[in-house]
Amino acid sequence: LDEEEEESGPSIQTVSLDEEENNINKSFVSPVENDQIVTDLLKDGRSCIREFRYVDAIELFTKVLDINPGLSQGYNFRGIARRKIGEIDLAIEDYNMALHLNENYVEALNNRGVALDKKGDHDLAISDFTKAIDIDSNNAHTYNNRATAYSNRGEYNLTLEDCTRAIQVDNKMADAYVNRGVAKVLLGLIDDAESDFESASNLGFDRNIIDSKVADLKNKNA
């Protein structure tokens, strides 16, 4: 149910690039970081990620870090591009560096958690998401991400709880409705799940994808 690849469990959402853009020139910014060359490289690199040109994005963010190795956003963005091409360990190294530079970097915590979860380190992923929630309890993506990690660990009641929290923060988050509905199916609450799937569909989530996923789950349970 991921936007770009089919997952065996509920979807994982990384922090959006638009959200990250708003943080580039806020806190933890040195004079060098405002240099126009760095700004342009960051912009071009983000465009490459949107266009699925991940190798080009990595090259651009590496140039950013050559100019300013203390720019936490550069490591976070390069980590995103590296994860997208399957370089999970290198992505985690980049997120580690971003968090070394700024331990309260919620986006990097979220993204490292996603990478760890994809690697199968669900406990460490949950730890990152929980830290992110402690810093910012109003980020729906973090709850949705932690819900996925709980689901991958087989803790569907906790999945349901975090999806509900995500929806309370953002009641238009289609992925959270889908993930909550999937958790309900896995808990045997199939009738209750339908209202969540309907909500997700009304918010633009492809109903055919939902129905296919539910059918697979029912076949596995059978």
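Side-chain atoms are counted along with the backbone in the values below, which use heavy atoms only and exclude waters and symmetry mates. Heads up: numbering here begins at 1 and tracks the sequence.
- In the hydrophobic cluster analysis, where Ile, Leu, Val, Met, Phe, Trp and Tyr join through side-chain heavy atoms closer than 4.5 angstrom, F61 is grouped together with V38.
- The shortest distance between side-chain heavy atoms of D35 and N68 does not fall below 4.5 Å.
- Within the 4.5 Å cutoff, no side-chain heavy atoms of Y54 are placed close to those of C48.
- In this structure, the side chains of L42 and L71 come closer than 4.5 Å at one or more pairs of heavy atoms.
- The same ILVMFWY cluster, assembled from side-chain heavy atoms under 4.5 Å apart, contains both V64 and I58.
- Listed for the Y177 side chain is a donor-acceptor partner under 3.5 Å among the backbone atoms of N171.
- For the pair N111 (side chain) and E107 (backbone), a donor-acceptor distance under 3.5 Å is present.
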Show me the donor-acceptor pairs, under 3.5 Å and distance only, between side chains in residues 183-192 and residues at least two apart or in other chains.
from	atom 1	to	atom 2	distance (Å)
K184	NZ	D196	OD2	3.0

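- Closest of all the heavy-atom pairs between A132 and V106 is CB-CG1, 4.1 Å.
- Judged as a side chain to side chain donor-acceptor pair (under 3.5 Å), and not counting sequence neighbours, S195 has no contacts.
- Residues A200 and A174 share a closest heavy-atom pair of CB-O, 3.7 Å.
- No single ILVMFWY cluster, assembled from side-chain heavy atoms under 4.5 Å apart, contains both L203 and F205.
- The residues R207 and E194 are annotated as salt-bridged, a charged nitrogen and a carboxylate oxygen being separated by less than 4.0 angstrom.
- Under a 3.5 Å cut-off, the side chain of S137 and the backbone N or O of I133 do not form any donor-acceptor pair.
- The hydrophobic cluster around Y150 extends to I126, L158, counting ILVMFWY residues whose side-chain heavy atoms fall within less than 4.5 Å of a member.
- To the nearest 0.5 Å, the span separating OG on S72 from CG on N104 amounts to 11.0 Å.
- In terms of the side chain to side chain donor-acceptor pair (under 3.5 Å) criterion, residue partners of R146 (sequence neighbours excluded) are, by chain and number, T130, D162.
- Here the OH-CD1 distance, from Y95 to I80, works out to 5.0 Å after rounding to the nearest 0.5 Å.
- Partner of T142 under the side chain to side chain donor-acceptor pair (under 3.5 Å) criterion, chosen from D134, N110, D128: N110.
- In this structure, the side chains of D123 and R153 come closer than 4.5 Å at one or more pairs of heavy atoms.
- Legend: residues meeting salt bridge (charged side-chain N to carboxylate O under 4.0 Å, His left out) with D56, ordered by chain and number and at least two apart, are R53.
- V169 and I135 are members of different hydrophobic clusters when ILVMFWY side chains are connected at heavy-atom separations under 4.5 Å.
- The backbone N or O of A147 sits less than 3.5 Å from a side-chain atom of T159, completing a donor-acceptor pair.
- Side-chain contact between Y105 and Q73: present, with at least one pair of heavy atoms (C-beta onward) separated by less than 4.5 Å.
- Among L99, D94, N96, the one residue that satisfies the side chain to side chain contact (heavy atoms under 4.5 Å, CB included) test with Y75 is D94.
- How far OG of S127 is from CG of L116: 9.0 Å, rounded to the nearest 0.5 Å.
- Annotation: the span from K131 atom NZ to R112 atom CZ amounts to 6.0 Å, rounded to 0.5 Å.
- Residue L60 is tested with D40, I49, V55, L41 for a side chain to side chain contact (heavy atoms under 4.5 Å, CB included); the sole match is L41.
- A distance-only check finds a donor-acceptor pair linking the side chain of S47 to the backbone of K43 [under 3.5 Å].
- With sequence neighbours left out, D206 forms a side-chain contact (heavy atoms from CB on, under 4.5 Å) with N208, I209.
- Residues L109 and L124 fall into different hydrophobic clusters, defined by Ile, Leu, Val, Met, Phe, Trp and Tyr side chains chained together at heavy-atom separations under 4.5 Å.
- Taken from CG in N138 to CD in Q168, the straight-line distance is 11.0 Å, to the nearest 0.5 Å.
- Contact record, A125 with A149: CB-CB, 4.4 Å, taken as the closest heavy-atom pair.
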Inset, instruction - List the steps, then state whether side chain to side chain contact (heavy atoms under 4.5 Å, CB included) holds for Y143 with C163. - result: CA-CA 6 Å; Y143 289 114; C163 287; over 6 Å; no
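- To the nearest 0.5 Å, atom CD1 of residue I167 and atom CZ of residue R180 are 3.5 Å apart.
- Side-chain contact check for V114 versus R83: some heavy-atom pair is nearer than 4.5 Å.
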